[in-house]
Amino acid sequence: MLSQAFVALLLATDVLATPLVQRNKPLITVPIARRVNATSARDLLKIDQARAKAFKNKPAAQPHHGTVSAAAATFGIPITNEAVNYAMTVGVGSPATTFSLLVDTGSSNTWVGADQANPFVVTSTSQDTGNLVAMLGEEFLDQLTLGDVVIENQSLGAALFSEGFSGVDGIIGLGPTDLTCGTLFPDEGDCIPTVTDNAFSQGLISEDIVGISFAPTTSLSDTNGEITFGGVDASKFTGDILFVPITSTSPSSEFVGIDQSITYGAAKTPILSSTSGITDTGTTLLLIASDALATYESVTGAVPDEDTGLLRLTPAQFSSLESLLFTIGGTSFEFTPNAQIWPRALNTAIGGTDDFVYLIVGDLGTDSGSGMDFINGMTFLERFYTVFDSGNSQFGIALSPSTNSTSN
Ligand SMILES: *[C@@H]1O[C@H](CO)[C@@H](O)[C@H](O)[C@H]1NC(C)=O
Ligand SMILES: *[C@@H]1O[C@H](CO)[C@@H](O)[C@H](O)[C@H]1NC(C)=O
Ligand SMILES: *[C@@H]1O[C@H](CO)[C@@H](O)[C@H](O)[C@H]1NC(C)=O
């Protein structure tokens, strides 16, 4: 109850505030702020597509302590979406320097100092390992503070150089540990425990999992999300959580990858037959393979809009838009018409007008059959409670109070 009141207060004050720690349960719960940058929001689709391409071009995961190719060592941090970002506050060192970090399940290294005005500061707790990290930074082991929980000996990259970041200081990588393998130089054979791994191994949380809660918003800036390290927040979902194994299909298997199929409307028109893809907090839109998107366009009547780069409908077409049904692990999840659209109150922020309704379903840029045929980005994750259970290599999904929201 205290936690709900606290989160409500955060929502009301709309700030990136200090995390809340639940003492009775070994969980660490941290609020997340969503920010839309109106100057770069016109490039939403382009940025998401560039990120998708980088995921697909990433060299395959390296075996632990094996030989690592130069290509793997040069894979940096995935492209981040400057237009819409989700960030949490962490402290590093003692006394702590405070950083606002992008919450990213599509990468697993944690690094700071992207904003040269707020660099990494060496303190008495900082230990320089002498390694370089692939995003072109220096590796330090240091303490990381989430609220008043201190995680020791966390590997952090201190950026020497960065581009494409604005308003944030770096990334907290929540993805699978294997994504860190081969990211150090010269210790190329090493993999790096993630923040979640360290919190777990240090007994600060009782399970190596993160629970992720986001909600749709009509504000440019809103602290309407929450990450729970070590468990789930029962106040943020309804019914049971369905768990499915991380997919075995590469390259989706290297990320928080799942198998799903998608149909449209009461007629259950197939949009995407059962295939692999990923869920990703660093992608804004719901991207589907080009051939699947063509079917979606033909059943909805949506047309490409030059001003926003997104698909658009007239208000009349929108009134007859039907739900998409996602089938995951044999269970159907309804993605309502309202879930398929960009919040209309923010149309002008992406270069659109009030005359149209813009769709958040976009083109992945490649046809199906690639091993990564969809990316369920934030606009999908806003409608469900999700769990990345790294310890058991599984993904969980449940309905949430936002599933049927009509706020967009
Ligand atoms: C600290 O973490 C590094 C890897 O990130 C590991 O090699 C080292 O053994 C750890 N030290 C302690 C004291 O746990
Ligand atoms: C918004 O994005 C532009 C680049 O597209 C950047 O120059 C600007 O600093 C960003 N604004 C904020 C508040 O992050
Ligand atoms: C959403 O609405 C559907 C009916 O369209 C209903 O079956 C479902 O239970 C609702 N979900 C939630 C979480 O309220």
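By the salt bridge (Lys or Arg N to Asp or Glu O under 4.0 Å) test, Lys53 is found to be paired with no residue, residues two or more places apart in sequence or in another chain being considered. By the side-chain hydrogen bond (donor to acceptor under 3.5 Å, both in side chains) test, Asp197 is found to be paired with Thr177, Thr194, residues two or more places apart in sequence or in another chain being considered. Every residue two or more places apart in sequence or in another chain that forms a salt bridge (Lys or Arg N to Asp or Glu O under 4.0 Å) with Asp305 is listed here: Arg312. Residues passing the salt bridge (Lys or Arg N to Asp or Glu O under 4.0 Å) test with Asp280, sequence neighbours excluded: Arg51. Taking Ser320 as the reference, nothing meets the side-chain hydrogen bond (donor to acceptor under 3.5 Å, both in side chains) condition, with sequence neighbours excluded. Every residue two or more places apart in sequence or in another chain that forms a side-chain hydrogen bond (donor to acceptor under 3.5 Å, both in side chains) with Ser155 is listed here: Glu139.
Tested against Val387 for a side chain to side chain contact (heavy atoms under 4.5 Å, CB included), the candidates Ile241, Val210, Leu242 yield a single pass: Ile241.
Residues Phe374 and Leu286 have side chains not in contact (no heavy-atom distance under 4.5 Å, counting atoms from C-beta outward). Proximity of Ile360 to Leu285: side-chain heavy atoms (C-beta onward) are separated by under 4.5 Å at one or more points. Considering only heavy atoms from C-beta on, Thr279 stays 4.5 Å or farther from Thr386 through its side chain. In this structure the side chain of Leu220 reaches within 4.5 angstrom of the side chain of Leu346, judged on heavy atoms. Taking the side chain as every heavy atom from C-beta outward, Leu272 and Ser368 approach each other to under 4.5 Å. Asp142 has its side chain within reach of Phe120: a pair of non-hydrogen atoms, C-beta onward, lies under 4.5 Å apart. Side-chain contact between Ile227 and Phe388 is absent, with no heavy atoms from C-beta onward closer than 4.5 Å. Proximity of Pro176 to Ser108: side-chain heavy atoms (C-beta onward) are separated by under 4.5 Å at one or more points.
Atom-to-atom distance recorded for Asp187:CG and Leu184:CG is 6.5 Å, nearest 0.5 angstrom. To the nearest 0.5 angstrom, Glu297 atom CD is 10.5 Å from Ile271 atom CD1. The line from CG of Leu27 to CG of Leu204 is 11.5 Å long, rounded to the nearest 0.5 Å. Separation of atoms OG (Ser107) and CZ (Phe55) is listed at 7.5 Å; rounding is to 0.5 Å. Note: Leu144 CG to Leu156 CG = 6.0 Å, rounded to the nearest 0.5 Å. For the atom pair OG of Ser400 and CZ of Phe384, the computed distance is 7.5 Å after rounding to the nearest 0.5 Å.
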Determine, stepwise, if the pair Met372 / Ile278 fulfils side chain to side chain contact (heavy atoms under 4.5 Å, CB included). CA-CA 7 Å; Met372 192 185 282; Ile278 66 169; 4.0 Å; yes

Checking Leu359 against Ile341 for the side chain to side chain contact (heavy atoms under 4.5 Å, CB included) test, could you report, in this order, the C-alpha distance in whole Å, the side-chain angles of both residues, the deciding distance, and whether it holds? CA-CA 4 Å; Leu359 295 162; Ile341 67 171; 3.9 Å; yes

Could you go through Thr238 and Tyr385, starting from their C-alpha distance and side-chain angles, then the distance that decides it, and tell me whether this counts as side chain to side chain contact (heavy atoms under 4.5 Å, CB included)? CA-CA 9 Å; Thr238 55; Tyr385 191 84; over 6 Å; no

Worked check of side chain to side chain contact (heavy atoms under 4.5 Å, CB included) between Ile171 and Leu102: CA-CA 5 Å; Ile171 291 181; Leu102 293 179; 4.2 Å; yes

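Among all heavy-atom pairs drawn from Leu45 and Gly309, the shortest one is CD2-O, 3.2 Å. Scanning all heavy atoms of the two residues, the minimum distance from Phe395 to Val256 falls at CD1-CG1, 3.8 Å. Shown here for Val103 and Thr281, the closest heavy-atom pair between the two residues is O-OG1, 2.8 Å. Asn338 approaches Ser405 most closely through the heavy-atom pair OD1-O, 3.2 Å. In terms of heavy-atom proximity, Gly91 sits nearest to Ala96 at CA-CB, 4.0 Å. The two atoms that bring Ala52 and Leu364 nearest to each other are CB-CD1, 3.7 Å, heavy atoms only.
Judged purely by atom type and a 3.5 angstrom limit, Ser100 has no side-chain atom pairing as donor or acceptor with the backbone of Ala87. When atom types are taken as modelled, the side chain of Asn118 and the backbone of Thr98 share a donor-acceptor pair closer than 3.5 angstrom. Under a 3.5 Å cut-off, the side chain of Thr228 and the backbone N or O of Gly231 do not form any donor-acceptor pair. A donor-acceptor pair under 3.5 Å is absent between the side-chain atoms of Asp222 and the main chain of Thr217, judged by distance alone. A donor-acceptor distance shorter than 3.5 angstrom exists from the side chain of Thr295 to the backbone of Asp291, with no hydrogens or angles considered. Counting only distance, with no hydrogens or angles, the side chain of Thr180 and the backbone of Ile192 share a donor-acceptor pair below 3.5 Å. Checking side-chain atoms of Ser252 against main-chain N and O of Gly371 turns up a donor-acceptor pair under 3.5 Å. Put simply, the side chain of Glu334 never gets that close to the backbone of Ser323: no donor and acceptor are under 3.5 Å apart.
Applying the side-chain hydrogen bond (donor to acceptor under 3.5 Å, both in side chains) rule to pairs touching residues 198-214 yields Gln154-Asn198, sequence neighbours excluded. Note on residues 256-267: pairs passing side-chain hydrogen bond (donor to acceptor under 3.5 Å, both in side chains), not counting sequence neighbours, are Thr247-Asp259, Asp259-Ser276, Gln260-Asn376. Within the structure, salt bridge (Lys or Arg N to Asp or Glu O under 4.0 Å) pairs that include any residue of residues 362-373 do not occur (at least two apart or interchain). Listed by first and then second residue, the ring pair (Phe, Tyr, Trp, His ring centres under 6.0 Å) pairs that reach into residues 200-235 are Tyr86-Phe214, sequence neighbours excluded. Sorted by first then second residue, the side-chain hydrogen bond (donor to acceptor under 3.5 Å, both in side chains) pairs that include residues 340-356, not counting sequence neighbours, are Tyr296-Gln340. Sorted by first then second residue, the salt bridge (Lys or Arg N to Asp or Glu O under 4.0 Å) pairs that include residues 375-403, not counting sequence neighbours, are Arg34-Glu382.
At a cut-off of 3.5 Å, with distance as the only test, no side-chain donor of Asn404 or Thr336 sits close to an acceptor on the other residue.
Ring pair Phe356/Tyr358 is perpendicular by interplanar angle, where above 60° counts as perpendicular and below 30° as parallel.
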